[in-house]
Student: 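Below you will find the structure I want to go over with you.
The structure presented is a predicted model; accordingly, all values stated were derived computationally and were not measured.
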Amino acid sequence: MPHHLMNLRHVPDDEADEIRALFEEHEVNYYETPPSFWGISMGGFWVHDAAEAERAKELLKAYQSRRLSTQRQAWEEAVQEGRGTGVWHQFLRKPVTVIAALLALLFILGISLAPFLRLG
């Protein structure tokens, strides 16, 4: 019976490549199903054997722990260098784009709420 190891939806390509390399390095007999274009099926990494699944899950757990620490460190460095990902940092980098997006949001919100505001 197949054992699902990891969902591939919203997984960056570099992370998927690193996991493939990890499985190849440790000779994990896995197979991969891609996520569907429409988002119906999740895709992922799978194995057939229960013992192989346990071994692969341990490898994944160690890998994800390492990746978490490296990604968190990269994020902290980006914040310290002023390359944050928040709305304020986006506004500082691209003020016209942020203002245009906010105006579009207000316009759509106004159109959506207009019928309800007229009832009162």
Side-chain angles (χ1 to χ4, degrees):
M1 178 172 176
H3 297 273
H4 186 246
L5 299 174
M6 182 179 171
N7 184 351
L8 282 179
R9 186 175 292 152
H10 307 299
V11 172
D13 291 336
D14 67 320
E15 183 177 359
D17 291 340
E18 289 173 358
I19 292 171
R20 287 182 198 101
L22 176 73
F23 285 163
E24 307 255 337
E25 177 185 341
H26 292 278
E27 298 177 355
V28 174
N29 190 17
Y30 74 99
Y31 64 98
E32 179 180 348
T33 56
S36 71
F37 180 74
W38 300 106
I40 296 171
S41 67
M42 64 183 164
F45 293 113
W46 302 77
V47 294
H48 282 293
D49 185 19
E52 191 80 354
E54 288 303 316
R55 187 169 73 94
K57 285 180 182 179
E58 288 299 318
L59 289 170
L60 274 175
K61 185 177 178 182
Y63 165 77
Q64 288 173 342
S65 175
R66 286 190 310 270
R67 179 150 175 111
L68 174 66
S69 65
T70 58
Q71 292 298 312
R72 181 171 287 149
Q73 181 181 5
W75 179 79
E76 288 172 356
E77 289 173 4
V79 168
Q80 288 176 352
E81 294 171 2
R83 296 181 290 122
T85 59
V87 176
W88 180 248
H89 291 287
Q90 287 287 357
F91 180 75
L92 292 176
R93 277 186 278 179
K94 299 179 180 180
V96 174
T97 304
V98 172
I99 290 171
L102 288 174
L103 289 174
L105 178 72
L106 289 174
F107 177 73
I108 292 169
L109 189 63
I111 289 176
S112 300
L113 294 177
F116 299 105
L117 295 175
R118 289 186 186 149
L119 290 175

Student: Rounded to the nearest 0.5 Å, how far apart are CZ of Phe23 and CG of Asn29?
Tutor: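 Here the rounded value is 11.0 Å.
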Student: Would you say that Met6 contacts Trp46 through its side chain, given a criterion of any heavy-atom pair below 4.5 Å between the two side chains?
Tutor: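 They are not in contact (no side-chain heavy atoms under 4.5 Å apart), so the answer is no.
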Student: At what distance, to the nearest 0.5 angstrom, does CZ of Arg66 lie from CD of Gln71?
Tutor: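 Result: 13.0 Å between the selected atoms.
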Student: Check whether any side-chain N or O of Ser65 sits under 3.5 Å from a backbone N or O of Lys61 as a donor-acceptor pair, and report yes or no.
Tutor: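 Pair absent, no side-chain N/O of Ser65 close to backbone of Lys61.
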Student: For a 4.5 angstrom cut-off between non-hydrogen side-chain atoms, does Glu15 reach Tyr63?
Tutor: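 Contact flag for Glu15/Tyr63 side chains = yes.
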Student: Can you tell me how far CH2 of Trp75 sits from OG1 of Thr70, rounded to the nearest 0.5 angstrom?
Tutor: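 Thr70 OG1 to Trp75 CH2: 14.5 Å, rounded to 0.5 Å.
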Student: Taking the side chain as every heavy atom from C-beta outward, state whether Ile99 and Phe91 have any pair of such atoms under 4.5 Å apart.
Tutor: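 Yes; the side chains approach each other to less than 4.5 Å.
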Student: Within this structure, what is the CG-CG distance for the pair Asp13 and Leu8, rounded to the nearest 0.5 Å?
Tutor: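 Rounded to the nearest 0.5 Å, the CG-CG separation comes to 10.0 Å.
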Student: Using 4.0 Å as the upper bound for N to carboxylate O, is an ion pair formed by Glu52 and Arg55?
Tutor: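 Here Arg55 pairs with Glu52 in a salt bridge, since their nearest N and O are under 4.0 Å apart.
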Student: Flag yes if Leu92 and Val79 sit in one hydrophobic cluster, no otherwise; membership is Ile, Leu, Val, Met, Phe, Trp, Tyr, and two members link when side-chain heavy atoms are under 4.5 Å apart.
Tutor: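 No, because Leu92 and Val79 fall into different hydrophobic clusters, even though each may have its own neighbours under 4.5 Å.
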Student: I'd like to know if Trp88 and Leu103 are part of one continuous hydrophobic network [Ile/Leu/Val/Met/Phe/Trp/Tyr, side-chain heavy atoms within less than 4.5 Å].
Tutor: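 Both belong to a single hydrophobic cluster.
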Student: Run the numbers on Met1 and His48 for side-chain contact (heavy atoms from CB on, under 4.5 Å), then give the verdict.
Tutor: CA-CA 6 Å; Met1 178 172 176; His48 282 293; over 6 Å; no
Student: Could you tell me which non-hydrogen atom of His4 sits nearest to which non-hydrogen atom of Asn7, and how far apart they are?
Tutor: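 The pair with the smallest heavy-atom distance is CE1-N, 3.4 Å.
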Student: So how far is it from Leu60 CG to Leu22 CG, rounded to the nearest 0.5 Å?
Tutor: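 The CG atom of Leu60 sits 6.5 Å away from the CG atom of Leu22.
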Student: Which heavy atom of Ser41 sits nearest to which heavy atom of Pro34, and what is that distance?
Tutor: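 Heavy atoms of Ser41 and Pro34 come nearest at OG-O, 4.2 Å.
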Student: Of the non-hydrogen atoms in Pro2 and Tyr31, which two are nearest, and what is the gap between them?
Tutor: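 Minimum heavy-atom separation between Pro2 and Tyr31: CB-OH, 3.4 Å.
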Student: So how far is it from Leu68 CG to Gln73 CD, rounded to the nearest 0.5 Å?
Tutor: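 Leu68 CG to Gln73 CD: 11.5 Å, rounded to 0.5 Å.
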Student: Are there more than 12 heavy atoms of other residues, nucleotides or ligands under 6.0 Å from atom CD of Glu76?
Tutor: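 Count over threshold, so yes.
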Student: Looking only at heavy atoms, what is the nearest atom pair of Arg67 and Pro12, with distance?
Tutor: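 Where Arg67 meets Pro12 most closely, the heavy atoms are NH2-CG, 4.0 Å.
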Student: Which heavy atom of Ala53 sits nearest to which heavy atom of Leu5, and what is that distance?
Tutor: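 Smallest interatomic distance, heavy atoms only, reads O-CD2, 3.8 Å.
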Student: Are Met42 and Ile19 connected in a single hydrophobic cluster, I mean Ile/Leu/Val/Met/Phe/Trp/Tyr linked by side-chain heavy atoms less than 4.5 Å apart?
Tutor: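 Ile19 does not cluster with Met42.
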